[in-house]
Protein chains: 2
Amino acid sequence: MRSTMQQYPLNISQIVRYASTFHSSSETVTWTGETTRRRTYGEVGARAAQLANGLRSLGISGDDRVGTFMWNNNEHLEAYAAIPSMGAVLHTLNIRLFPEQLVYIANHAEDQAVIIDGSLIPLFAPQLPQMKTVKHVIVNGEGDRSLLAGHAAIHDYDELLAAQSADFDFEAASAGVDETDAAAICYTSGTTGNPKGVAYSHRSIYLHSMYVLTPMAFGINASDKILAVVPMFHAMAWGLPYAALFSGASMHMPDRFLQPEPLAAFIEREKPTVGGAVPTVWNAMLAYLDSQNPPPKVDSLRDVAIGGSACPPALMTGLEERHGIRVLHAWGMTETSPLGSVARPPAGLGPEETLAYRLTQGLLPCAVEGRIVDDSGTVLPNDGKAVGELEVRGPWIAGAYIENPNMPDPDAQKDKFRDGWLRTGDVAMISPDGYITLTDRAKDVIKSGGEWISSVDLENAIMGHPKVAEAAVIGIPDPRWDERPLAAVVPVAGEEVTFEELREYLSDKVAKWQLPENWVIVPEVPKTSVGKFDKKVLRQKHADGELQVTTF
Amino acid sequence: MRSTMQQYPLNISQIVRYASTFHSSSETVTWTGETTRRRTYGEVGARAAQLANGLRSLGISGDDRVGTFMWNNNEHLEAYAAIPSMGAVLHTLNIRLFPEQLVYIANHAEDQAVIIDGSLIPLFAPQLPQMKTVKHVIVNGEGDRSLLAGHAAIHDYDELLAAQSADFDFEAASAGVDETDAAAICYTSGTTGNPKGVAYSHRSIYLHSMYVLTPMAFGINASDKILAVVPMFHAMAWGLPYAALFSGASMHMPDRFLQPEPLAAFIEREKPTVGGAVPTVWNAMLAYLDSQNPPPKVDSLRDVAIGGSACPPALMTGLEERHGIRVLHAWGMTETSPLGSVARPPAGLGPEETLAYRLTQGLLPCAVEGRIVDDSGTVLPNDGKAVGELEVRGPWIAGAYIENPNMPDPDAQKDKFRDGWLRTGDVAMISPDGYITLTDRAKDVIKSGGEWISSVDLENAIMGHPKVAEAAVIGIPDPRWDERPLAAVVPVAGEEVTFEELREYLSDKVAKWQLPENWVIVPEVPKTSVGKFDKKVLRQKHADGELQVTTF
């Protein structure tokens with residue numbers, strides 16, 4: 001039996017219409033390091049219309065991809081509003097990618113135009129000549145535009161908008177757009193092979209926005225002020241921009257002023273209520289706040305989400321107990337739009353139990369089905385003990401990566417999707433009440449004699465030693481156990497540390513059979529373009545015999 | 001460009017799976033007047049599977065309609081969980097309909113089976129012989145089953161379930177169900193013509209549930225306890241049951257104990273946090289609470305939604321100031337799933353302005369587009385002054401009424417849908433910031449010399465007089481002004497009131513040109529089956545010359 005409900009496709013243009021009409025006095029606020037640049041959502045709506053007209057005047061039509069290479073700022077939000085609403089596809093280029101990756105993704109997505117911040121011209125300009133499809137570069141703000149000359153038409157963002165009408169029929173432009181058509185695309189900074197692209201749909205973004213607003217996630221309403229430190233060029237800033245427009249909450253964006261001092265000044269001045277950032281940002285912030293007397297007042301922040309990697313307990317308790325900022329652990333990835341779970345504890349527990357829940361990666365919501373699976377593909381129980389690779393499915397989970405027939409990548413979908421589930425590459429436990437706890441990345445877990453050893457747990461244990469600055473643990477081939485751990489250690493500058501000392505230190509912290517027998521001192525741990533440990537490089541160095549390993 | 005997101009249809013079976021696994025210890029609690037009957041969501045999941053198997057054993061397949069004729073209780077929630085999840089369609093029969101309407105809707109929906117509460121057998125049994133498609137009646141709880149004999153197979157609810165396995169593959173049963181297929185149907189108790197049916201889809205219920213959870217609506221999370229006083233046979237209990245399962249919040253249901261005393265005892269004992277009911281229930285509750293010394297403690301209720309008709313300010317302030325219950329005004333109708341808006345005021349206003357916002361019918365959310373339209377179909381501005389018929393559209397708004405070719409109703413869709421919009425029949429203003437204020441029903445508004453007079457405003461003004469128990473105002477034909485108001489007044493028992501006295505009383509409360517010149521005393525105002533003023537009957541009486549009107 002057919003329902004009698006209206007056929008009303010979910011579309012981002014509706015979100016923009018809503019924000020710019022009924023929440024026309026809500027604001028988007030950009031920090032300049034000393035003061036703010038402010039626009040109302042009414043103005044954002046008008047400027048989004050001007051931007052859409054401007055892009056049409058440059059020949060952008062249909063589902064053309066329009067890139068952004070920008071910090072978090074008002075104009076980036078305007079691009080978020082305008083581009084999908086006009087039927088085109090927003091491609092947020094990650095400014096932290098290696099140059100060759102940046103070129104690859106612009107070509108792979110076939111970006112026709114790119115909007116860039118003037119301050120980022122030096123990063124962007126050298127790659128422009130290799131971006132084959134980019135016909136127009138639109139520059140927002142000050143910067144040396146001569147660096148861009150000769151490879152595309154160069155436009156000034158404000159001038160482009162000023163020449164245009166503030167009327168654009170977004171509803172008509174969206175009429176031919178199916179809700180499952182692409183609205184925005186985002187590439188991961190994978191450490192293996194080429195970057196992989198995900199195309200979010202209008203539908204997936206709409207549904208994800210609603211989840212972001214619910215109390216099980218961030219609990220946002222129109223009176224909230226969202227501080228989006230997490231970059232808008234990285235996994236859609238965790239969905240905060242569209243959730244803000246959907247609810248009428250104001251957006252507060254730090255532009256390039258991500259250092260603790262200007263960021264704290266921004267918070268103290270604007271009093272945001274909800275925020276999101278990766279642990280490194282909050283880590284630096286905590287150190288800065290602790291160093292000030294009196295510390296800047298940042299306790300307007302009711303909830304700050306931390307995701308991207310695990311939040312150390314000391315960071316969570318430090319921010320909360322000394323500075324009044326409650327931390328919410330969140331889990332997700334580019335392929336999950338990105339919010340997969342948020343660690344709000346159940347009500348009514350004591351402080352210790354509550355903290356234990358808060359240190360998990362969070363409760364899976366109704367719309368994100370999760371399961372853990374062992375090497376043979378068997379689904380394991382959600383008993384809080386079994387450990388397997390986390391697989392998820394749901395309306396805002398990727399089912400494939402973007403393919404471009406002109407740039408075929410035979411490995412594009414390899415090992416990432418199975419029977420309609422996304423294989424996250426994360427190794428996890430799921431508790432009976434739906435909280436997930438990540439223990440490792442699947443490719444990093446050490447498979448020793450049929451048991452899995454978490455490389456992350458070993459690293460954290462080793463890094464607990466006062467003389468250790470960093471430590472990475474990889475699995476290396478072992479004739480008897482298949483794999484055994486190798487610990488690569490970076491001592492604190494000026495310190496010397498012996499392997500015997502470290503083994504002794506670990507002896508009461510990890511099970512005996514997990515204790516690494518292979519050790520090496522390295523000057524630094526190799527990092528990916530976004531600052532994560534790059535264990536692939538370490539494994540390669542070991543395979544090439546470049547590491548001087550001591551074995552016990 | 002196609003997105004790369006998973007094709008994951010929204011389906012109620014996912015909501016039930018989620019509640020019964022990751023929130024397996026949340027509860028559904030039914031009041032017996034003195035104690036509670038409790039089941040965990042884990043048990044609800046198992047019993048829903050048993051119910052689905054039981055219905056299959058009775059031959060229910062495909063999109064067969066299964067009716068419920070029940071109070072709000074655990075078993076009704078099990079029916080909500082099982083029936084749409086097995087691919088069948090839940091039809092909640094309104095126990096307050098007139099007998100002939102009840103027969104009409106069971107035949108129109110072609111219900112194959114009906115689950116009824118034993119306590120409702122006397123209401124249901126006389127109509128059963130005329131329900132042509134009903135082959136099975138399943139009785140929940142005690143009651144005289146002999147009254148049902150001879151017209152369908154009669155089953156005991158608990159026995160039916162006990163004979164079945166607690167395994168049912170809801171995922172497989174949902175595989176062939178499109179998200180826009182019907183999940184549940186509900187008929188309005190229209191005062192004109194036959195009842196009209198709306199078929200909600202899996203998609204519309206899923207999206208509506210997410211909205212219910214957001215802070216702009218009820219802000220519900222897993223630790224909440226929802227008190228659903230609003231009947232599950234009326235507009236899906238405002239979506240609370242599915243929102244509860246979606247979030248893991250517990251459900252608290254009063255069964256047939258809707259009188260203030262047992263209801264207050266239930267609240268005092270179970271401490272629900274969020275509730276919903278129509279004004280009459282809260283009105284009686286306020287009077288009861290005020291009469292007790294000390295009054296029962298009901299302030300566990302953080303928010304109670306009041307909808308169905310406007311909440312008198314005295315009720316709102318009385319519940320809040322004397323009993324610690326904050327009232328949320330909500331607007332909607334069967335055709336809007338039913339939640340269309342909730343009156344949460346903007347933050348940061350003074351008490352008077354806040355109250356003014358709270359007395360509106362609420363803020364339209366992103367997903368419910370609204371506009372007001374005049375008689376000629378022209379869209380009026382959202383300036384908080386212009387008054388017109390409210391039209392809405394969105395993913396959980398009806399686009400048509402159910403049609404049954406075997407029971408054709410040529411007027412089924414008449415005047416209710418226009419260009420993809422639902423004509424609500426409500427007359428409203430919309431403020432620039434998206435709050436709607438209803439002033440009347442479109443069919444009741446009095447059109448006098450090109451201006452609209454709100455019958456509701458006049459009634460409220462007249463009912464403010466201490467000697468008036470009830471008053472209804474209708475428009476009657478007038479050769480000069482098209483229509484003029486006629487006030488039908490029911491005096492307080494034992495009181496006499498003169499029309500001169502009432503006109504004098506109104507003189508500083510309404511504009512002079514709105515002052516009724518036509519008056520009549522009536523013994524009572526005619527009511528619909530659900531207790532609303534039935535002005536159609538009054539208009540008919542006037543047309544038939546049955547009213548002795550005094551004209552000034």
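Because the structure is a prediction, the values reported are computed rather than measured.
Among B:Asp63, B:Ile402, B:Ile397, the residue with the largest count of heavy-atom pairs under 4.5 Å with chain A is B:Ile397. No other option in B:Glu403, B:Arg203, B:Met216 has as many heavy-atom pairs under 4.5 Å with chain A as B:Arg203. Residue with the most contacts toward chain A among B:Leu364, B:Thr214, B:Ile15, B:Asn221: B:Leu364 (heavy-atom pairs, distance under 4.5 Å). Chain A forms more heavy-atom pairs under 4.5 Å with one residue of B:Asn382, B:Ile220, B:Thr21, B:Val89 than with any other, namely B:Ile220. In terms of non-hydrogen atom pairs under 4.5 Å with chain A, the most contact-rich of B:Gly420, B:Ala19, B:Pro346 is B:Gly420. Contact count against chain B (heavy-atom pairs under 4.5 Å) is highest for A:Ala199 among A:Ala199, A:Gly348, A:Gly399. Comparing B:Leu213, B:Leu422, B:Thr180 by heavy-atom pairs within less than 4.5 Å of chain A, the highest count is held by B:Thr180. Ranked by heavy-atom pairs shorter than 4.5 Å toward chain B, the options A:Cys366, A:Gly248, A:Ala183, A:Ala182 are led by A:Cys366. Note: A:Pro432 leads A:Pro432, A:Ala347, A:Ser223 in heavy-atom pairs under 4.5 Å with chain B.
Aromatic rings from A:Phe246 and A:Tyr206 are positioned such that their centres are separated by under 6.0 Å. The distance between the ring centers of A:Tyr187 and A:Tyr401 does not fall below 6.0 angstrom.
Neither the backbone nor the side chain of B:Val16 comes within less than 4.5 Å of any heavy atom in chain A. Heavy atoms of A:Ser337 lying under 4.5 Å from chain B belong exclusively to its side chain. Both the backbone and the side chain of B:Pro395 come within contact range of chain A, judged by heavy atoms closer than 4.5 Å. Looking at A:Val392, the atoms closer than 4.5 Å to chain B (heavy atoms on both sides) all sit in the backbone: N, CA, C or O. Within the 4.5 angstrom heavy-atom criterion, only backbone atoms of B:Ser431 (N, CA, C, O) approach chain A. With a 4.5 Å cut-off on non-hydrogen atoms, B:Ala367 touches chain A through its backbone and its side chain both. Only the side chain of B:Leu363 comes within less than 4.5 Å of a heavy atom in chain A; its backbone stays farther off. B:Ser204 touches chain A through its side chain: at least one heavy atom from C-beta onward sits under 4.5 Å away, while N, CA, C and O do not. For B:Arg65, the part lying under 4.5 angstrom from a heavy atom of chain A is the side chain only. Contact annotation for B:Ile185: only side-chain heavy atoms (C-beta onward) come within less than 4.5 Å of a heavy atom of chain A. Neither the backbone nor the side chain of B:Leu245 has a heavy atom closer than 4.5 Å to any heavy atom of chain A. Using a 4.5 Å cut-off between heavy atoms, B:Tyr8 touches chain A through backbone and side chain atoms alike. Residue B:Asp224 does not touch chain A at all, counting heavy-atom pairs closer than 4.5 Å. At a 4.5 Å heavy-atom cutoff, B:Asp64 makes no contact with chain A through either its backbone or its side chain. Neither the backbone nor the side chain of B:Ser209 comes within contact range of chain A; no heavy atom of the residue lies under 4.5 Å from a heavy atom of that chain. Using a 4.5 Å cut-off between heavy atoms, B:Glu110 makes no contact with chain A at all.
Heavy-atom minimum distance, B:Arg344 versus B:Pro215: NE-O, 2.8 Å. Scanning all heavy atoms of the two residues, the minimum distance from B:Phe170 to B:Ser13 falls at CB-CB, 4.0 Å. Annotation for A:Gly45 and A:Ser20: closest pair CA-CB, 3.6 Å, computed over non-hydrogen atoms. Closest heavy-atom contact between B:His208 and B:Leu339: NE2-N, 3.0 Å. Taking each heavy atom of B:Asp178 and B:His202 in turn, the nearest pair found is O-CD2, 4.4 Å. What you find for A:Ala398 and A:Val198 is that their closest heavy atoms are CB-CG1, 4.0 Å.
For the ring pair (Phe, Tyr, Trp, His ring centres under 6.0 Å) test with B:Tyr211, the passing option among B:Trp396, B:Phe218, B:Tyr242 is B:Trp396; the others fail. No option in B:Ser174, B:Ser85, B:Ser201 other than B:Ser174 meets the side chain to side chain donor-acceptor pair (under 3.5 Å) test with B:Asn11.
Taking 4.5 Å as the limit, some side-chain heavy atom of B:Leu90 sits within range of a side-chain heavy atom of B:Met236.
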ask   = Can B:Glu369 and A:Arg17 be said to form a salt bridge (Lys or Arg N to Asp or Glu O under 4.0 Å), step by step?
value = CA-CA 10 Å; B:Glu369 253 190 279; A:Arg17 169 196 54 75; 3.7 Å; yes

